[in-house]
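Shown next, in structure tokens, is the structure this report addresses.
It should be emphasised that the depicted structure is a prediction, and the values quoted were computed from it without experimental measurement.
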Amino acid sequence: MNIVYNIIAAIGCLIVGYLIGSISISISIGKGVYHQDPRDYGSGNAGGTNASRLWGRRVGTIVVILDMAKTLIPLWACWAILAFIKVDGTTIMASAREMLNGETAGHIVEWPVYWLCLLGAEIGHVYPVYYNFRGGKGVANYLGGLAGTNWALFIISGVSFMSALGAKKYISLGSIVSAIVGIIFTWTWAILLLTVDMGNWGLFGTWGITMYCNWVYAIVITLMGGLLLLKHRENVKRIKRGEEDKVTWL
């Protein structure tokens, strides 16, 4: 393995994700349509929840969907480049099945560096370079990353989110629970892959045999979930004081 090339590819994916993730849908819609910066109103965050409070649930839903999409666009773009472009007759990166079977020799990139696009996109959303590093909290990025990469994890995290939201009516609490459950699930799966010969079941949960959810994926999901939890620390304090806003549509 050429460590240098793998590191360069990893950094490249992180940067691509960050630059695309820094495009704030909420701020763009707010300034372009309503002549408002969402960071100056409501919770002060540039995300779907605050957009819903300011401009209605329809706009908030659009913001969430587009925030999820901007997380997946750099991921799938970088994956396609690494998976299809060939150098000396061999694709730059080993396929998911080759990684699962340990058959990565001969490829320039031998581990799934594309996962770093997800982390980069969330960091960009939270600390956007185009908007003075003041953005949202990364919930849509986190859930979007799960939805477009691992349907099993998305379902588990989504059910956790809705269960917590339904029980307590706090979107922030649902987000926190979803992040914690996602981290636990991904590490459980990563440990199984490292310790048990799972055969084709090692690709369970992904969309086909495109991407490989191993320990690299677990690390990225952990960092994404950790950033989400960090951005919700004030919400936790407000929940304890009984000052957190509850949703009214449940």
Side-chain angles (χ1 to χ4, degrees), residues 6 9-10 12-21 48 64-84 91-100 104 109-126 137-162 175 177-194 198 200-229:
N6 280 261
C13 288
L14 187 66
I15 292 174
V16 169
Y18 176 75
L19 293 176
I20 295 178
V64 170
I65 292 173
L66 293 180
D67 279 342
M68 293 173 72
K70 78 176 184 183
T71 305
L72 295 174
I73 288 171
L75 170 70
W76 285 98
C78 287
W79 170 81
I81 291 171
L82 295 169
F84 291 110
T91 56
I92 296 174
M93 182 184 63
S95 68
R97 189 172 296 281
E98 287 172 327
M99 292 179 189
L100 176 64
T104 59
V109 177
E110 299 183 15
W111 59 286
V113 295
Y114 41 75
W115 293 131
L116 288 167
C117 290
L118 295 179
L119 178 60
E122 184 182 46
I123 294 174
H125 177 78
V126 175
K137 292 186 176 180
V139 178
N141 307 99
Y142 179 79
L143 293 177
L146 301 186
T149 59
N150 192 308
W151 59 265
L153 177 55
F154 175 68
I155 291 174
I156 292 171
S157 294
V159 169
S160 301
F161 176 87
M162 294 305 299
S175 302
V177 171
S178 175
I180 294 173
V181 170
I183 291 170
I184 293 172
F185 180 89
T186 51
W187 276 109
T188 300
W189 190 255
I191 291 171
L192 284 173
L193 285 175
L194 287 172
M198 301 179 67
N200 289 331
W201 281 99
L203 299 175
F204 176 79
T206 56
W207 297 105
I209 57 173
T210 53
M211 297 180 177
Y212 184 38
C213 296
N214 66 344
W215 59 270
V216 179
Y217 184 70
I219 290 175
V220 167
I221 295 300
T222 300
L223 292 174
M224 292 179 71
L227 180 56
L228 187 155
L229 295 174

*For the atom pair CG (D67) and NZ (K137), what is the distance rounded to the nearest 0.5 Å?*
14.0 Å
*asked:* To check you understand the geometry: which heavy-atom pair defines the closest contact between A9 and V109, and what is its length?
replied: CB-CG2, 3.8 Å
*Is the closest side-chain heavy-atom distance between I219 and W115 below 4.5 Å?*
no
*Donor-acceptor under 3.5 Å (S157 side chain, F154 main chain)*: no
*Mark yes or no for whether N6, through its side chain, and E110, through its backbone, hold a donor-acceptor pair below 3.5 Å.*
yes
*Regarding T149 and Y217, is there a side-chain donor-to-acceptor distance under 3.5 Å anywhere?*
yes
*Would you give the length of the straight line joining atom CG of L19 to atom CG of L14, rounded to the nearest 0.5 angstrom?*
9.5 Å
*Which heavy atom in K70 sits nearest to a heavy atom in H125, and how many Å separate them?*
NZ-ND1, 3.0 Å
*Side chains of T71 and L118 in contact at under 4.5 Å (non-hydrogen atoms)*: yes
_Can a donor-acceptor pair be found, under 3.5 Å and without considering hydrogens, that links the side chain of W189 to the backbone of L153?_
no
_Using 0.5 Å steps for rounding, measure from the CG atom of L143 to the CG atom of L228._
8.0 Å
*Would you check if the distance from the ring center of Y114 to the ring center of W76 is below 6.0 Å?*
no
*Would you check, one step at a time, whether the test side-chain contact (heavy atoms from CB on, under 4.5 Å) holds for M93 with W79?*
CA-CA 9 Å; M93 182 184 63; W79 170 81; 3.9 Å; yes
